[in-house]
Amino acid sequence: MATINSNFLKLKAGYLFPEIGRRVKAYTESAPDKAAQIIRCGIGDVTEPLPSSVREAMHKGVDEQGDRETFHGYGPEQGYEFLRTAIVENQFADLGISADEVFISDGSKCDTGNILDIFGKGNTIAITDPVYPVYVDTNVMAGNTGDADEKGAYEGLLYMPCTAENGFVADVPTEKADLIYLCFPNNPTGAVATRAQLEAWVKYAKENNAIILFDAAYEAFIQDPEIPHSIYEIEGAKDCAIEFRSFSKNGGFTGVRCAYTIIPKQLTGKADDGSDVSLHQLWSRRHSTKFNGASYPVQVAAAAVFSEEGKKQVSDLITHYMGNAKLLREACQTLGLDVFGGENAPYVWVACPEGTTSWEMFDKMLHEAQVVITPGSGFGSAGEGYFRISAFNSRENVIEVCERLKTALTPVSA
Ligand code: MLT
């Protein structure tokens with residue numbers, strides 16, 4: 001009899017977004033006449049079409065596959081040189097990152113989960129609360145935690161509460177951590193870290209020989225010129241940080257799939273015998289063994305994001321989504337709710353009306369307004385009492401959501 005990885009049995013319920021999908025399905029089955037009215041502001045999935053420059057490049061990539069002379073079979077596992085170079089020139093100019101420190105993949109969700117393959121057991125893992133659930137669940141699957149308590153917090157993880165008091169940016173812990181997950185602009189709270197805050201994290205990581213896993217999937221949404229887009233803008237970060245980036249939210253690739261991870265060559269971890277081992281080499285070995293590269297047409301399409309036309313089109317997409325975020329922020333503020341995020345990120349993080357839990361708010365919005373939001377508690381116990389609205393939508397839908405929020409949340413006597 002084959003045994004299983006029993007760590008999976010420690011996982012709480014379903015992954016957040018399938019659970020939301022299950023509740024929405026149950027609702028539409030019970031109220032089929034309402035199904036067509038539902039507006040989804042739950043999962044942060046882009047809604048606007050792929051930029052034409054990206055589509056044209058992808059078509060060209062597909063056509064090349066139709067000719068023996070230009071056909072591409074297996075590509076380099078780490079990604080094509082043309083894309084890695086375009087990334088470095090356009091995203092990391094002057095930051096000292098070289099093209100061979102970039103690994104192309106099919107998604108940051110996969111990369112942030114798979115990265116645990118190269119780390120050992122017994123690391124103290126620091127995780128913000130609330131947090132993108134993938135970081136927690138993949139550590140549970142990898143056996144890096146004990147069981148969860150009644151609030152869903154796993155034994156063995158070092159939780160760093162992010163609250164309105166600290167602006168949803170975790171303070172460096174007093175304890176020693178080995179692996180630290182940071183996500184800025186933050187999913188789910190939309191918070192951003194200042195240069196000084198990131199400097200404190202890099203200092204902490206270097207003092208503790210820790211590695212920062214820096215998820216910058218939403219960097220393109222930063223509007224404030226003072227906010228760093230990359231951890232490598234901070235001196236010393238190349239000695240202690242891995243950065244994850246994605247084409248999903250800027251180029252609209254959620255259905256196309258392309259992302260990349262930066263692992264500086266000087267980054268090391270400790271082997272059992274105490275020697276320092278290159279994390280770049282380990283990830284390269286892992287990537288070559290478990291991955292055959294993102295598809296050629298997709299990488300050609302991703303490179304088009306950096307063409308002159310592509311940059312303009314991506315900028316228009318960001319302007320569109322950030323315009324949505326502004327409307328959603330204003331609608332919630334008008335209702336007297338405490339509103340965070342949405343200024344440098346496509347997520348608006350809102351305190352539920354007094355006395356309402358996150359899931360109660362989710363149910364209210366679904367049943368009374370036919371709007372799907374994400375309950376803050378789904379991102380961790382510190383998210384209880386909040387909900388997240390995704391700004392990824394058409395303008396028409398966002399205007400409608402603002403109206404429905406007003407109707408659902410304005411007291412009858414008002
Ligand atoms: C989210 O809604 O939190 C994101 O879409 C999840 C993801 O990017 O995987």
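Counting starts at 1 for both ligands and their atoms, in listed order.
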A.B. asks: At a non-hydrogen distance cut-off of under 4.0 Å, which region of Phe392 contacts ligand 1 (side chain, backbone, both, or neither)?
C.D. replies: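 It is neither; nothing of Phe392 touches ligand 1.
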A.B. asks: CG/Asp45 to OG1/Thr254 distance, rounded to the nearest 0.5 angstrom?
C.D. replies: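 That separation rounds to 3.5 Å.
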A.B. asks: Distance under 6.0 Å and angle within 45° of the ring axis: does Arg23 meet both against Trp359?
C.D. replies: yes
A.B. asks: List every atom of ligand 1 that sits less than 4.0 Å from any heavy atom of Tyr132, numbering the atoms from 1 in the order shown and giving each element.
C.D. replies: 6 (C), 7 (C), 8 (O), 9 (O)
A.B. asks: Measure from NZ or CZ of Arg388 to the centre of the six-membered ring of Tyr347, then state whether that distance is under 6.0 Å and the direction lies within 45° of the axis.
C.D. replies: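 Pair Arg388/Tyr347 counts as cation-pi.
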A.B. asks: Pick whichever of Lys109, Lys249, Arg388 has a heavy atom sitting closest to atom 8 (O) of ligand 1.
C.D. replies: Lys249
A.B. asks: As a test of understanding, state which of Phe168, Phe362, Phe379 forms a ring-ring contact (aromatic ring centres under 6.0 Å, His included) with Tyr386.
C.D. replies: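 Among Phe168, Phe362, Phe379, the one meeting ring-ring contact (aromatic ring centres under 6.0 Å, His included) with Tyr386 is Phe168.
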A.B. asks: Check each atom of ligand 1 against the heavy atoms of Ile43 and keep those under 4.0 Å away; list them by number with element.
C.D. replies: 2 (O), 5 (O)
A.B. asks: Considering the heavy atoms of Tyr347, write down every atom of ligand 1 situated less than 4.0 Å from one of them.
C.D. replies: 1 (C), 2 (O), 3 (O), 4 (C), 5 (O)
A.B. asks: Quick check for you: to the nearest 0.5 Å, what is the distance between Phe253 atom CZ and Asp106 atom CG?
C.D. replies: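 Output value for this atom pair is 13.0 Å.
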A.B. asks: Near Phe17, which atoms of ligand 1 are under 4.0 Å from a heavy atom of that residue?
C.D. replies: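 What qualifies from ligand 1 is 1 (C), 2 (O), 3 (O).
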A.B. asks: So, regarding Asp45 and ligand 1 (criterion: nitrogen or oxygen to nitrogen or oxygen, under 3.5 Å), is there a contact or not?
C.D. replies: no
A.B. asks: Do you know which of Tyr135, Phe244, Phe214 makes ring-ring contact (aromatic ring centres under 6.0 Å, His included) with Tyr181?
C.D. replies: Tyr135
